[in-house]
Amino acid sequence: MAASLDGFIARKDGSVDWLETSDEFAEGDTMDPEFVEAFLKTIDCYVMGSRTYETALGFDSKGLGWPYGDKPVFVLTSRELPRTRDSVELYSGDLAQLVNGHLRPRFQSIWFVGGGFVSGECLRLGLADEVRYSILPILIGDGIPFFEKLDRDVALHLAEVKAYRSGMVELRYEVRGHRGEDFGRPFTSSDHRSA
Ligand SMILES: NC(=O)c1ccc[n+]([C@@H]2O[C@H](COP(=O)([O-])OP(=O)(O)OC[C@H]3O[C@@H](n4cnc5c(N)ncnc54)[C@H](OP(=O)(O)O)[C@@H]3O)[C@@H](O)[C@H]2O)c1
């Protein structure tokens, strides 16, 4: 997800108006639409919480589009929400059972769209292989945190960093030591110096 520098993905009322920032970082890369399109093709299905789905439905109804194409979208909810597309499936229950039991056997690349509740749950249950965290050049003071209610430490390996002309910094981390593995190397003092 994209977050403010102070770690929020939306304001408390769910608004994301602040995502449109106006910074310029001269040495940054420009976002290549062809690369983005090619990357989106690698995603096999999406999983999102109901509040994120409601935001997406709101954007769609305002004519701003549906960013998930025809790819299957699994919406976590205990409510009877509208399904505006055949590609949308509502699911209620155990997230680990959904991901390990139903999705992993069918899909290679499963993208958790958010929001904070679902990303916290995903990390807590050890379901994530990677975290993609984009920092926008803004502080908003309060809001919905990127990871809600994480109750333990989650060790990460920084795999990729990209800075863009827009002032956004994109971080890609691999989750270490989940599902019984520990594929990270030990932290050394030289890491600290070069950070
Ligand atoms: N900045 C970004 O990149 C970004 C990305 C994604 C989202 N967002 C924003 O984040 C906000 C939403 O985040 P959020 O943390 O409030 O909510 P969320 O994670 O989108 O949705 C949480 C809701 O999903 C339902 N749910 C979750 N797990 C479930 C399960 N296992 N079974 C049944 N239902 C389940 C529950 O609602 P019900 O059961 O009541 O339906 C729960 O309250 C929105 O404003 C959205 O725009 C921002």
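Each ligand, and each atom within it, is numbered from 1 in the order the structure gives.
- The environment of D70 atom CG is sparse: at most 12 non-hydrogen atoms of other residues, nucleotides or ligands sit within 6.0 angstrom.
- Under the 3.5 Å distance criterion, the side-chain polar atoms of R83 are matched with a main-chain donor or acceptor of V88.
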Show me the donor-acceptor pairs, under 3.5 Å and distance only, between side chains in residues 131-145 and residues at least two apart or in other chains.
unit_1 : atom_1 : unit_2 : atom_2 : d
R132   : NE     : E130   : OE1    : 3.3
R132   : NH2    : E130   : OE1    : 3.3

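- The stretch residues 6-45 participates, sequence neighbours left out, in these ring pair (Phe, Tyr, Trp, His ring centres under 6.0 Å) pairs: F39-W111.
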D44 vs K71, side chain to side chain contact (heavy atoms under 4.5 Å, CB included): CA-CA, chis, key distance, verdict: CA-CA 7 Å; D44 298 318; K71 301 276 174 77; 5.7 Å; no
What are the atom names and distances for all N or O pairs under 3.5 Å between ligand 1 and the protein?
unit_1   : atom_1 : unit_2 : atom_2 : d
ligand 1 : 1 (N)  : A2     : O      : 2.7
ligand 1 : 1 (N)  : I9     : O      : 3.0
ligand 1 : 3 (O)  : A2     : N      : 2.9
ligand 1 : 15 (O) : G116   : N      : 3.0
ligand 1 : 15 (O) : F117   : N      : 2.8
ligand 1 : 16 (O) : R51    : NE     : 2.7
ligand 1 : 16 (O) : R51    : NH2    : 3.3
ligand 1 : 17 (O) : R51    : NE     : 3.4
ligand 1 : 19 (O) : G115   : N      : 3.0
ligand 1 : 19 (O) : V118   : N      : 3.2
ligand 1 : 20 (O) : T52    : N      : 2.9
ligand 1 : 20 (O) : T52    : OG1    : 2.6
ligand 1 : 20 (O) : G115   : N      : 3.1
ligand 1 : 21 (O) : S50    : N      : 3.4
ligand 1 : 21 (O) : R51    : N      : 3.4
ligand 1 : 24 (O) : S50    : N      : 3.1
ligand 1 : 24 (O) : S50    : OG     : 3.3
ligand 1 : 24 (O) : L76    : O      : 3.4
ligand 1 : 31 (N) : G93    : O      : 2.7
ligand 1 : 32 (N) : G93    : N      : 3.2
ligand 1 : 34 (N) : T77    : N      : 3.2
ligand 1 : 37 (O) : S50    : OG     : 3.1
ligand 1 : 39 (O) : S78    : N      : 2.8
ligand 1 : 39 (O) : S78    : OG     : 2.5
ligand 1 : 40 (O) : R79    : NE     : 3.2
ligand 1 : 41 (O) : S50    : OG     : 2.7
ligand 1 : 41 (O) : T77    : OG1    : 2.5
ligand 1 : 41 (O) : R79    : NE     : 2.9
ligand 1 : 41 (O) : R79    : NH2    : 3.2
ligand 1 : 43 (O) : R51    : NH1    : 3.1
ligand 1 : 45 (O) : G14    : O      : 2.8
ligand 1 : 47 (O) : T55    : OG1    : 3.0

List the atom pairs, donor and acceptor, that lie under 3.5 Å between side-chain atoms in residues 48-58 and the rest of the protein, sequence neighbours left out.
unit_1 : atom_1 : unit_2 : atom_2 : d
S50    : OG     : R79    : NH2    : 3.1
T52    : OG1    : G115   : N      : 2.9
Y53    : OH     : P82    : O      : 2.5
E54    : OE1    : R79    : NH2    : 3.2
E54    : OE2    : R79    : NH1    : 3.2
T55    : OG1    : R51    : O      : 3.1

